[in-house]
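Only one structure is covered here, and it is reproduced in the block below.
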Amino acid sequence: MDHLLLADLLFPDVHETPEDMEKRYPPRALPEGAKVTRFAPSPTGFVHFGGLFPATVGERLAHQSGGVFFLRVEDTDAKREVPGAAQALVRTLARYGVRFDEGVTADGEIGAYGPYTQSKRAQIYHVYAKSLVQKGLAYPCFTTEEEMEEHKSVNKKEELKNTNWQEAEEKRREAQEKDRAISLEEVKERLDKGDKFVLRILAGGDKEKKIRFTDLIKEQLEIPENDEDFVLLKSDGIPTYHFAHAVDDHLMGTTHVIRGEEWLPSLPKHIQLFSYLGFRLPKYLHIAQIMRLDEQGNKKKLSKRDMGANLDDYSRMGYPAESVREYVLTLLNSNFEEWHTANPDKPAEDFPFSIRKMSVSGCLFDFDKLNDVSKNVLSKMTAEHVYDLALDWARENDPPFAELLCKDKPYALSILSIGRGGKKPRKDYALLSEVKRYMAFFYDALFETEDRPDEKFARSDIAACLSDFASSYDDKADNQAWFDGVKAVAARHGFCPDVKQYKASPDDYKGHVGDVSSFIRLAVTGRLNSPDLYTVLQILGKEKALARIENYIKSL
RNA sequence: GGCCCGUUGGUCAAGAGGCUAAGACAUCGCCCUCUCACGGCGAAAACAUGGGUUCGAUUCCCGUACGGGUCACCA
């Protein structure tokens, strides 16, 4: 077979050579040790939570080393493409601290190694495809998708279990042999008829032979050589992931390929391809998958439909982006948390991210942990910051509440300031969606009596304590004086002003100051639990507080 | 089924031949001159399993079990 002739037959319009490409995309001039990484999603309009992991790793590695982090859109599967998805993705990732230097951005493409959209790179792939044919390392295959169906391994998940694997493998091998044997005449004939073909690699490997490979996360690996003539170019001339990966990452100067470990099984293909093309293999980081628990209690890869799979779910649920980012960083490098408590004022960007600290095995997504991280994040923010985030959330998800927040911003800020600042800030909510419930009783429009007093107290005693408190309440008194007042009320109505003393002889009293406080709290907030009562009364104002007490007494 | 990867408390994890096997979340208890939240103290809780190698294995090797991934003209 005359490979040069075949190449011209297959790619008559390709006149450039790989050397031309090398000239057009010269190696990057970057300092020693600078890493070039990329995030390469397919634009399906869905930003997977799992995607945040490789994206964050790539971003950290590149920026920490003074390198380049770029976005490449892998839109080689026309069937799945969603228009505008790339821009939305860039915006979403930016919220989570992942920013690109190069590639597809919100304002178009930036950078000298483009185009960064694979569908626009057809000519480039064809140059390399032609050269592979010339070297006898790739060949056309005219077997149609339908014909292939018969001896394809299988592709439906449901069928996987009932597959006769051995038979499927034999059929594949047979077909491969037949396809390889195609003659130049036959190619000419089919081409003249206008038949479409896919370009397959001529696999030179023996799967019984193992290759030693070092993954930066998984370390030493032993993988079989590739013996499968996988598809390089689909019948529409668009490359498969494998081929595009090799050509693009070579030309774009990617030094570290960061991707999910589901790619590990196709690594032999990539190694072979890079070698056929004469490209230097980049470093690989195959990162472990995030898992969830299925009904049987088994771990499963977090997939599209699962709660929390879509990154947008988190903002909808009310998690600040910062919380999610910290949680992700914690899962990626478990010492992040420790570092963060030791350096509370430094931005996450200062954290020395390390590949060595990354886990080899997949972890379970844990909402408990996320919530804890989020509580901490929110508790350390200023009231103003929380206000802004809560308002943003409310505008999207609860417009009436947004309006309430806007109506009196200083009032809202004073509520959000309770217990904020200082060494031990309150941690009342993990979610922006919980802020409303937390603030609710401060607004007459949202106020309602949720709890009931303990049955052991007589209604008349409660009413007596409350009216006594109301008539003696001085909103100018300081915290101590105010509490002394409450104690005095307690003493006047048969409640012990000192809790310890009460506990020593409970039968001598109807209750203690704490109980009296709970009556006031209930009347004023409608709940048995609230932040510091004195502060609450101060913020609420004397008039509103007394009105609520009065109403409460009436309702008893 | 073949191939590849993995397995330290419920979860995330440190430890890299000799440790009473860290820490965090969750759980439970106690304390914090009014509840809650915060904080403090404490409890319970783990090296999947069998064989090697070794004076000694959670740590190294082999097998087993279990879990995961993958086997497309999808990425």
RNA chain B-proximal residues of [range], any heavy atom under 4.0 Å:
range                       : answer
residues 368-376 of chain A : Asp368(A), Lys369(A), Asp372(A)
residues 355-367 of chain A : Lys357(A), Ser359(A), Val360(A), Ser361(A), Cys363(A), Leu364(A), Asp366(A)
residues 205-218 of chain A : Lys210(A), Lys218(A)

Taking the same atom, [atom1], in [N] and in [M], what whole-Å distance lies between them?
N      : M      : atom1 : result
C47(B) : C60(B) : C1'   : 15 Å
U49(B) : U54(B) : P     : 23 Å
G51(B) : A65(B) : C1'   : 14 Å
G10(B) : A48(B) : P     : 12 Å
C36(B) : C30(B) : P     : 12 Å
G17(B) : A75(B) : P     : 44 Å
G63(B) : C25(B) : P     : 40 Å
C32(B) : C41(B) : C1'   : 11 Å

Do Phe213(A) and Glu222(A) have side chains that get closer than 4.5 Å, going by heavy atoms?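 No, their side chains stay 4.5 Å or more apart.
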So does [X] get a side-chain nitrogen or oxygen closer than 4.0 Å to the phosphate oxygens (OP1/OP2) of [N]?
X         : N      : answer
Lys234(A) : C74(B) : yes
Arg200(A) : C73(B) : yes
Lys300(A) : G68(B) : yes
Lys299(A) : G10(B) : no
Lys301(A) : U70(B) : yes
Ser266(A) : C71(B) : no

Would you write out the dot-bracket form of RNA chain B, 5' to 3', with Watson-Crick and G-U pairs under 3.5 Å, [ ] for crossing pairs, | for pairs to other strands and . for unpaired bases? (((((((..(((.....[....))).(((((.......)))))....(((((..]....))))))))))))....
Would you indicate which nucleotide in [options] comes nearest to any side-chain atom of [X]?
X         : options                : value
Asp532(A) : C34(B), C5(B), C73(B)  : C34(B)
Leu221(A) : C34(B), C5(B), C74(B)  : C5(B)
Ser334(A) : C74(B), C38(B), A14(B) : A14(B)

Proximity of [X] and [Y] rings by center, below 6.0 Å:
X         : Y         : answer
Phe469(A) : His493(A) : no
His48(A)  : Phe53(A)  : no
Tyr327(A) : Phe365(A) : yes
Phe243(A) : Phe230(A) : no
Tyr438(A) : Tyr429(A) : yes
Tyr125(A) : Phe11(A)  : no
Trp263(A) : Tyr284(A) : no

Hey, is the side chain of [X] pairing donor to acceptor with the base of [N] inside 3.5 Å?
X         : N      : result
Arg426(A) : C36(B) : yes
Arg521(A) : C34(B) : yes
Ser530(A) : C36(B) : no

Rounded distance in Å - [atom1] ([X]) to [atom2] ([N]):
X         : N      : atom1 : atom2 : value
Lys171(A) : A72(B) : NZ    : P     : 14 Å
Asp515(A) : U35(B) : CG    : P     : 10 Å
Asp428(A) : G39(B) : CG    : C1'   : 14 Å
Phe230(A) : U70(B) : CZ    : C1'   : 15 Å
Asp229(A) : C73(B) : CG    : C1'   : 14 Å
Leu267(A) : C71(B) : CG    : C1'   : 15 Å
Phe442(A) : C36(B) : CZ    : P     : 17 Å
Arg173(A) : G2(B)  : CZ    : C1'   : 12 Å

Do we see Trp165(A) stacking on the base of G1(B), given a limit of 5.5 Å between centres and 30° between planes?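 Yes; centroid distance and tilt both under limits.
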When all nucleic acid strands are considered with a 4.0 Å heavy-atom cut-off, which category describes [X]: base, sugar-phosphate, or nothing?
X         : answer
Thr76(A)  : sugar-phosphate
Val231(A) : sugar-phosphate
Glu228(A) : nothing
Leu331(A) : sugar-phosphate

Output yes when a side-chain donor or acceptor of [X] lies under 3.5 Å from a complementary backbone atom of [Y], and no otherwise.
X         : Y         : value
Arg259(A) : Ile287(A) : no
Thr330(A) : Phe336(A) : no
Glu434(A) : Leu431(A) : yes

Tell me whether Arg548(A) forms a cation-pi arrangement with Phe447(A), defined as NZ or CZ under 6.0 Å from the six-membered ring centre and within 45 degrees of its axis.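 Yes; both conditions hold, so Arg548(A) lies above the ring face of Phe447(A).
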Please determine if Lys304(A) forms a cation-pi arrangement with Phe46(A), meaning its NZ or CZ atom is less than 6.0 Å from the six-membered ring centre and no more than 45° off the ring axis.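 Positive - Lys304(A) is close enough to the ring of Phe46(A) and near enough to its axis.
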Using the side chain to side chain contact (heavy atoms under 4.5 Å, CB included) rule, pick out the option among Leu232(A), Leu199(A), Asp229(A) that qualifies with Tyr139(A).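 For Tyr139(A), the side chain to side chain contact (heavy atoms under 4.5 Å, CB included) test succeeds with only one of Leu232(A), Leu199(A), Asp229(A), which is Asp229(A).
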Just by distance, no angles: are the side chains of Lys207(A) and Asn226(A) close enough, under 3.5 Å, to form a donor-acceptor pair?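 Side chains of Lys207(A) and Asn226(A): no pair found under 3.5 Å.
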Under the salt bridge (charged side-chain N to carboxylate O under 4.0 Å, His left out) test, residues paired with Asp75(A) that sit two or more places apart: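 Asp75(A) satisfies salt bridge (charged side-chain N to carboxylate O under 4.0 Å, His left out) with no residue once adjacent residues are dropped.
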Toward the 5' end of RNA chain B, which comes first, Glu338(A) or Ile223(A), by nearest nucleotide?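 Per heavy-atom nearest nucleotide, the more 5' residue is Ile223(A).
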Asn371(A): side chain to side chain donor-acceptor pair (under 3.5 Å) partners, not counting sequence neighbours: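 By the side chain to side chain donor-acceptor pair (under 3.5 Å) rule, Asn371(A) matches Tyr319(A).
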